[in-house]
Amino acid sequence: MTEPLAAPVRLRPEIVALPAYKQGRPASAEAFKLSSNENPFPPHPAVLAAIRDLDINRYPDATALVVRERLAARHGVTPDEVIVGAGSVALLAQLISAAATVGDEVVFAWRSFEAYPGLVTVAGATSVRVPLTADARHDLPAMAAAVTDRTRAVIVCTPNNPTGTVVTAAEFAAFMQAVPSDLLVILDEAYAEFIDDESAVDGAELVRRYPNLVILRTFSKAYGLAGLRVGYAIGPVAVLDAARSAAIPLAVTEAAQRAVLAAMQVEPELLARVRELAARRDAVQAALRAQGWRVPVSQGNFVWLPTGPATAAAGEALAAAGIVARVFPPEGIRVSIGEAESVESLLAVAGEVVRTL
């Protein structure tokens, strides 16, 4: 095989060596795409109506002020304590860049959201990965112990992507007591709307309690706006101002802002869909356990199959049966909760796979 040509200009070697983020594998028309944690319901008519007839020759409001005002009123904060970005991952990149650079460290659980290591590397900082517990949960005491004088941020993902497990309110309170009060703590709650565990932490209840806490939410999952890329963060003004300085200007389109406002107007209908997906998730987990799978309790819109060394082969078996999932060799496979019609196919092939493990 021909070796790739060297770049004609000098580039950062750690960026050249960094694998690019890989999107969930696409699916054929005959298969179910359960690889990207997308909401399988079609866009709400009110959202579609809101994004028609846009003046796309004009720039959007760079600060997304109206969206921030609506979110601020909902969460009992000021608009300056809210920032809107092109998905919560974009805001995470801004926060990391604002907090960490060469010689600094960012602590997070692993395995967790696969974008975390790349974002830290791009900022010039070093990732500190703390292994999950045996039951695929955050080991918050170990994460607190990993904090050093070089640590500039800690990311806590709940429900954790890809295992689906949550951090409880009691666990998070103990963690916040254990880490320095000037350490940026980022609570990534991209799947918060799918949680029905009453013991789970709710970042929206804590933003006034901790001056070093920022919470991340998104409209991509529960609200079905993944294709428009819009998320938000709530936190201290000084921290969010730094994140604003690290942003790419005008990243949140007018279509995205209009869609969010429309989605918030029809939120009861959208959250009813979320509850339907959560019930389907619970039914799938129960069926998987009956087959012999040791799946962790997921509170996201996905389930985690701990396939270990057999992960690559298991992923191919799922794909051959029309189930396109997210494969993380050699640890496991994340399967999104999709259309109701996908469940029978998923369980049929999962039952075959578990017998080979």
Side-chain angles (χ1 to χ4, degrees), residues 59-108 113 115-116 118-127 147 149-157 172 176 179-190 192 201-220 228-254 256-257 260-261 264:
Y59 285 117
D61 172 9
T63 70
L65 177 59
V66 178
V67 175
R68 288 191 295 117
E69 288 176 337
R70 297 281 179 86
L71 290 169
R74 166 171 297 183
H75 292 289
V77 297
T78 68
D80 288 341
E81 292 171 291
V82 181
I83 182 173
V84 178
S88 57
V89 68
L91 295 169
L92 180 60
Q94 294 165 221
L95 288 163
I96 293 173
S97 294
T101 186
V102 177
D104 297 332
E105 296 177 345
V106 178
V107 174
F108 50 85
F113 183 33
Y116 293 163
L119 296 178
V120 174
T121 298
V122 169
T126 300
S127 294
V147 172
D149 290 341
R150 296 176 60 188
T151 309
R152 294 294 175 267
V154 178
I155 308 169
V156 177
C157 184
F172 191 73
M176 293 300 287
V179 300
S181 59
D182 61 352
L183 174 66
L184 175 60
V185 177
I186 303 169
L187 191 60
D188 187 348
E189 298 182 298
V201 66
D202 182 352
E205 298 178 352
L206 303 177
V207 289
R208 291 293 193 186
R209 186 178 307 176
Y210 301 109
N212 59 326
L213 175 65
V214 174
I215 69 167
L216 293 176
R217 298 281 179 94
T218 183
F219 287 94
S220 296
L228 290 174
R229 309 303 304 126
V230 56
Y232 65 98
I234 302 175
V237 174
V239 176
L240 297 191
D241 280 347
R244 289 182 181 99
S245 297
I248 296 174
L250 302 162
V252 184
T253 66
E254 176 68 16
Q257 295 181 44
V260 166
L261 295 172
M264 292 176 73

Least distance between heavy atoms, [X] atom then [Y] atom:
{"X": "R244", "Y": "I83", "value": "CG-CD1, 3.4 Å"}
{"X": "M264", "Y": "L71", "value": "CE-CD2, 4.0 Å"}
{"X": "A233", "Y": "V214", "value": "CB-CG1, 3.9 Å"}
{"X": "S97", "Y": "A246", "value": "CB-CB, 4.3 Å"}
{"X": "T151", "Y": "V147", "value": "OG1-CA, 3.4 Å"}
{"X": "A62", "Y": "L250", "value": "CB-CD2, 3.6 Å"}

Could you measure the distance from the [atom1] atom of [X] to the [atom2] atom of [Y]? Nearest 0.5 Å is fine.
{"X": "E81", "Y": "R208", "atom1": "CD", "atom2": "CZ", "result": "4.0 Å"}
{"X": "L240", "Y": "D80", "atom1": "CG", "atom2": "CG", "result": "9.0 Å"}
{"X": "I155", "Y": "L184", "atom1": "CD1", "atom2": "CG", "result": "9.0 Å"}
{"X": "H75", "Y": "Y232", "atom1": "NE2", "atom2": "OH", "result": "3.0 Å"}
{"X": "I96", "Y": "L91", "atom1": "CD1", "atom2": "CG", "result": "11.0 Å"}
{"X": "I234", "Y": "R68", "atom1": "CD1", "atom2": "CZ", "result": "12.0 Å"}

Chi angles and distances behind the side chain to side chain contact (heavy atoms under 4.5 Å, CB included) call for Q257, D61: CA-CA 9 Å; Q257 295 181 44; D61 172 9; 3.9 Å; yes
Steps toward side chain to side chain contact (heavy atoms under 4.5 Å, CB included) verdict (V82, V67): CA-CA 9 Å; V82 181; V67 175; over 6 Å; no
Greater than 12 external heavy atoms within 6.0 Å of L65's CG: yes
Are the side chain of [X] and the backbone of [Y] linked by a donor-acceptor contact shorter than 3.5 Å?
{"X": "D104", "Y": "A125", "value": "no"}
{"X": "E254", "Y": "P60", "value": "no"}
{"X": "R152", "Y": "T101", "value": "no"}

For Y210 and F172, take the angle between the two ring planes, folded into 0 to 90°, and tell me which bin it lands in: parallel under 30, tilted 30 to 60, perpendicular over 60. perpendicular
Are R229 and S220 close enough, and set up right, to give a side chain to side chain donor-acceptor pair (under 3.5 Å), and what steps lead you there? CA-CA 7 Å; R229 309 303 304 126; S220 296; 3.0 Å; yes
Show, in sequence, the C-alpha distance, side-chain angles and deciding distance for F108 and D188, and conclude whether the side chain to side chain contact (heavy atoms under 4.5 Å, CB included) test is met. CA-CA 11 Å; F108 50 85; D188 187 348; over 6 Å; no
Is D202 paired with R209 through a side-chain N to carboxylate O contact shorter than 4.0 Å? no
Under the side chain to side chain contact (heavy atoms under 4.5 Å, CB included) criterion, do L95 and V239 qualify, and how do the steps go? CA-CA 8 Å; L95 288 163; V239 176; 3.9 Å; yes
